[in-house]
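The structure appears below as structure tokens.
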Amino acid sequence: MGEYQLDTVLSAVADPTRRAILDRLRVSDARVTELAREFPISLNSTSKHIKVLERARLVERHVRGRDHVLSLRAEALGEAVAWMTQYREFWEQRLAALEAFVLADADADGDVDTDTASGAER
Amino acid sequence: MTAVVTVSRRIAASAERLFDAWLDPKSLAVWMRRDGSAPSGAVADRRVGGAFAITMHDPNGSFVHAGNYTVIDRPHTLEFTWRSAATHQTDSVVRVTFTPDGDATVVEVRHELLPDAEAVQRHTEGWTEIIDRFAATFAENGEA
């Protein structure tokens, strides 16, 4: 996933109205006019939000006659989640290593730990 | 734009011991590294405003992770900025908290991947919901 693409995805989902639109499209495809009716915002404002979602490739528009039908394209969000998952894995591995380190270390200098347990130091 | 990652682990050691392991460069060199790799190079100026740099060696090469300490509150909270190739050398913020839990300590890492802290605060909830929901979706589809 390109960096610019990731930026546009994260910006797109940083807005509650746009998240609500994505949630709505999870249920089923919808026409732009339907969405404008379902949300307490103007058609114009709805269109602007949809354009942002389209730019992030989270939403696809199909023109059927006079209807513009929108459908959710979950892959783009999945890619953003995958990017975040890398960080989660990074820190999970580090914490596992920290655990291994302090537990091994506790065996090595357990006596010292006991001596200073009353906490006078530092 | 915003993204926040939170990871926690309950470890059978005191908060002080864990806090010190996180702040001491000699300890960092041992555990802050890729599995099976050589020890990291670690230097740390352990005061608020002080800088640290950790060079991790992984199969693709050596990568420097660097930042500055912003909160040093032993043994409760450690907070620092975090820059690396993965953050495109822009500052993200990592906050590590140590919470005693019986004879163990819960260590929580909260990594806010953003230069704009206000945006993170405003949008963290939304992201968390989205992630949870999509994780659930993937699980339902058996793709997780």
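In what follows, every chain begins at residue 1, and chains take the letters A, B, ... in the order their sequences are listed.
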Contact summary for [X] and [Y], nearest pair of heavy atoms:
| X | Y | result |
| --- | --- | --- |
| Ile11(B) | Leu95(A) | CD1-O, 3.9 Å |
| Ala97(A) | Trp31(B) | CB-O, 3.2 Å |
| Leu103(A) | Ala12(B) | CD2-O, 3.3 Å |

Chain A heavy atoms under 4.5 Å from [X]: which part of the residue, side chain, backbone, both or neither?
| X | value |
| --- | --- |
| Ser27(B) | both |
| Val30(B) | side chain |
| Val94(B) | side chain |

Tell me whether [Y] is reachable from [X] by hopping between hydrophobic residues (I, L, V, M, F, W, Y) whose side-chain heavy atoms are closer than 4.5 Å.
| X | Y | result |
| --- | --- | --- |
| Ile21(A) | Leu70(A) | yes |
| Ile41(A) | Leu53(A) | yes |
| Val52(A) | Leu43(A) | no |
| Ile54(B) | Val109(B) | yes |
| Val71(B) | Trp22(B) | no |

Does any backbone or side-chain atom of Ala96(A) lie under 4.5 Å from a heavy atom of chain B? Answer side chain, backbone, both or neither.
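Interface part for Ala96(A): both.
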Would a 4.5 Å heavy-atom cut-off, applied to side chains only, mark Thr6(B) and Trp91(A) as touching?
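No - every pair of side-chain heavy atoms lies 4.5 Å or more apart.
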Check: Arg94(A) side chain, Arg33(B) main-chain N or O, donor-acceptor pair, under 3.5 Å:
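It does hold such a pair.
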